[in-house]
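Step one of this worksheet: look at the structure below.
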Amino acid sequence: MRSLDGKVKKEKENGFARYAWTPHLFCVLICKLPADPFLYKASTHFGWLFFCSPQHVKSEPEDNFYYSPKYEKVITFLPCLPHSVRVSLWEEERYTDGVKWKFLEHKGPVFAPPYEPLPSHVKFYYDGKPMKLSLEAEEVATFFAKMLDHEYTTKDIFRKNFFKDWRKEMTAEEKSKITDLTKCDFTEMSEYFKAQSEARKAMTKEDKQKIKEENERTLQQYGFCIMDNHRERIANFRIEPPGLFRGRGDHPKMGMLKRRIRPEDIIVNCSKDSKHPEPPPGTRWKEVRHDNKVTWLVSWTENIQGSIKYIMLNPSSRIKGEKDWQKYETARRLKKCVDHIRNQYREDWKSKEMRIRQRAVALYFIDKLALRAGNEKEEGETADTVGCCSLRVEHISLYPEKDGQEYVVEFDFLGKDSIRYYNKVPVEKRVFKNLQLFMENKELDDDLFDRLNTSILNKHLQELMDGLTAKVFRTYNASITLQQQLKELTNVEENIPAKILSYNRANRAVAILCNHQRAPPKTFEKSMQNLQSKIDAKRDQLADAKRELKSAKADAKVRKDEKSKKAVETKKKAVQRVEEQLMKLEVQATDREENKQIALGTSKLNYLDPRISVAWCKKWGIPVEKIYNKTQREKFAWAIDMADQDFEF
DNA sequence: ACAGTGACTTAGCATTAGTGTT
DNA sequence: AACACTAATGCTAAGTCACTGT
């Protein structure tokens, strides 16, 4: 390990010292660890380092640092690190050829709590008569009962799938008796669960506190792992509980039983030299493997689609953070060659070869409209959704002229998560002519790009730029749009709330580009009304304040003494304050209204280079907390650390 | 080619936690 | 202290894309 020297600059944060070290190559931030307020963590762009006190910083970081009781002493020492001490930090070892870690230790997953049988007074009725179910059948019945209020329990496919899987869990006797789902009465069970959830809400503070503490203990025990020299947060350390599968949209498998996962289904991944996690007493793991070419800690095969599920690290972890950073660096490389690529595909619209024309038009859509690649899917296994390469003739309509524009393409299809994509776009004449050609002599359910798939497209992209794939365009266009919109919308004159509105509008432009929609929140109208009444109240308050100011002024004119002049000043300030509050509320209302059906979170978390936002915050003196909440700041720690106000995507 | 698999990112909604108000 | 509402977090489905073996 190479040792680096640097200066430590002191800042204050949450009453604890925060030290930033900013050498040429590395930025290091040392911060309080949420898990343990007395231990501090240092970060670099390239990984996470631990260190403890000035005496210890020159020594090598140690494995299992957190388990080492000798560092107890650090506790009182660290928060008062002197100003500008020189510390040594180590460059983290970088891995090559697919190695993701050298050491990995964790406690394994937390299993779903075992089934708790219903109390005897809660009955299931078949054909009007009470019927005691076997434990297995009862458990599956409760899954249905818990969903009774949902619309999808009325759907045919849901009911059919559920009933089929439920019957598999029944005893022979139950099977022969229960033959018709419409004769099943789950209402008593449903009521019982509703009552239970009410009871949970009504729990005393103490009981709630106890549960919270218990959760915290579980988190501390199972929610972290040691990866190389770092204690990292695990994202989803709890195994998914059994239940009824509900896919998104029109899913052919909705209602199927999602099996309970047992230790025997679990593959554990950790390093050979680590303390392996123990399976629960009396059970065993399916397998313990030591594959350091992958990042997951635990995996199992899910029974609905037969796909593999994983337990992986939290976005704040080194392994995820580095990958994220890398993603944006790839998008920035695209920025350098995007003009060339655009010229290229425009040329290709004229190609003699059909496959090249199709590829070029598809790429144009991906670039211009931020469409997803669109892998082909197995029919009947999932909801019928498409992306660019899997578009069918039925998904677009061509209009030589529409609403005063020429060559308009109307898109209407269901994309990822069965979210509808609807858009009318004028395109270039060549694209339009090509589309007509692609659609010639085809049925509605034929592929629009019959000579193209994502594999062909990505192979082509790879040749244009190292690491280029279809999704890089989404990242690139999202980030560049944010940067450009921020430049355009931010007004120097405006105050912080107005600037934040501008930020959200820039963010919104991206969300619209990427088609990130949401169902309007159920409480939307209500909360809008509440805000409006707040605004009205504030207006009244402002009128009052103004009236008072006026009378104070009049008073001062007559009395001409110091005291009344002072009173005028006070009133003036009051008016100003109320005006500002009113303005803030109005901005908030605008923001919320514009955001009714648009989800900003997805783009913020996955598409926008966080350094653009950090730079913007620094440039305009906006606290980064206004843009990123705690979790987001943890995820983007590398960017907060790295970007200065001049950062250009 | 191309089908199948595995690993990983992206996605919206449901639930929970937190905060301000009465 | 109870309540109402908002914001944050948790959950897990559904994508992307590389790789493998044929």
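Each chain gets a letter, A, B and so on, in the order the sequences are listed, and its residues count up from 1. The model shown is predicted, which means the values in this text are computed figures rather than measured ones.
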ask   = Nearest-Å distance, CG (L605(A)) to P (dA7(C))?
value = 17 Å

ask   = So what does A383(A) touch, heavy atoms closer than 4.0 Å: a base, only the sugar-phosphate, or nothing?
value = nothing

request  = Look at all strands and tell whether Q305(A) reaches a base, only sugar-phosphate, or nothing, counting heavy atoms closer than 4.0 Å.
outcome  = sugar-phosphate

ask   = Would you say E213(A) has more than 12 foreign heavy atoms packed within less than 6.0 Å of its CD?
value = yes

request  = Would you please classify the geometry between the Y421(A) ring and the F411(A) ring as parallel, tilted or perpendicular, with 30° and 60° separating the classes?
outcome  = perpendicular

task = Nearest whole angstrom, please: distance from the P of dA13(C) to the CG of N236(A).
result = 12 Å

key: Atom pair distance, as rounded to whole Å: CG in L244(A) and P in dC11(C)   = 18 Å

remark   = Residue pairs meeting salt bridge (Lys or Arg N to Asp or Glu O under 4.0 Å), one or both in residues 467-476 of chain A, sequence neighbours left out, come to none

task = Considering only NZ, NE, NH1 and NH2 on the basic side and carboxylate oxygens on the acidic side, decide whether E634(A) and K630(A) come within less than 4.0 Å.
result = yes

message = Short of 4.0 Å, heavy atom to strand atom, which residues of residues 451-469 of chain A count as contacting DNA chain B?
response = none

task = Rounded off to whole Å, could you give me the CD1-to-C1' distance for the I234(A) and dG10(C) pair?
result = 15 Å

ask   = So which pairs with a foot in residues 510-532 of chain A pass ring pair (Phe, Tyr, Trp, His ring centres under 6.0 Å), sequence neighbours left out?
value = H516(A)-Y607(A)

inquiry  = Assess whether a salt bridge exists between R318(A) and E232(A), defined as any Lys/Arg side-chain N lying under 4.0 Å from an Asp/Glu carboxylate O.
reply    = no

query = When the ring planes of F162(A) and F144(A) are compared, do they come out parallel, tilted or perpendicular, using 30° and 60° as the limits?
reply = parallel

inquiry  = For E580(A), is there an ion pair with R577(A) - N to carboxylate O distance below 4.0 angstrom?
reply    = no

query = Which of the following nucleotides, dC17(C), dA11(B), dT12(C), is nearest to the side chain of N606(A)?
reply = dA11(B)

ask   = To the nearest angstrom, how far is R474(A) atom CZ from dT16(C) atom P?
value = 9 Å

message = At 4.0 Å (heavy atoms only), tell me whether G387(A) reaches a base, stays on the sugar-phosphate, or touches nothing.
response = nothing

message = For a quick check, with a 4.0 angstrom heavy-atom cut-off, what is the B/S/- contact string for nucleotides 12-22 of chain B, read 5' to 3'?
response = BSS---S----

ask   = The side chain of K258(A) lies closest to which of these nucleotides: dC17(C), dT6(C), dT12(C)?
value = dT12(C)

query = How many Å lie between CZ on R592(A) and P on dC5(C), as a whole number?
reply = 11 Å

query = When you check every protein heavy atom under 4.0 Å of nucleotides 3-8 of chain B, what one-letter string (B, S, -) results, 5' to 3'?
reply = ---SBB

ask   = Does dA14(C) have OP1 or OP2 sitting under 4.0 Å from an N or O in the side chain of T382(A)?
value = no

message = Please verify the inter-ring angle class for W638(A) with W325(A); under 30° counts as parallel, over 60° as perpendicular, anything in between as tilted.
response = tilted

note = Residue set satisfying side-chain hydrogen bond (donor to acceptor under 3.5 Å, both in side chains) with S307(A), at least two apart, ordered chain then number -> E302(A)

message = Applying a 4.0 Å non-hydrogen cut-off, can you work out what P315(A) is touching in the nucleic acid: base, sugar-phosphate, or nothing?
response = nothing

ask   = Can you tell me how far P of dC3(C) sits from CD of E198(A), to the nearest Å?
value = 11 Å

note = When rounded to whole Å, the CD to P distance for the pair Q529(A) and dT6(C) reads 11 Å

key: Note: E586(A)-R539(A) ion pair, threshold 4.0 Å (strictly below)   = yes

query = Above 12 or not: heavy atoms from other molecules or residues under 6.0 Å from NZ of K335(A)?
reply = yes

query = Has K471(A) got a side-chain N or O lying under 4.0 Å from the OP1 or OP2 atom of dT9(B)?
reply = no

ask   = With a 4.0 Å cut-off on heavy atoms, is G415(A) in touch with a base, just the backbone sugar-phosphate, or nothing at all?
value = sugar-phosphate

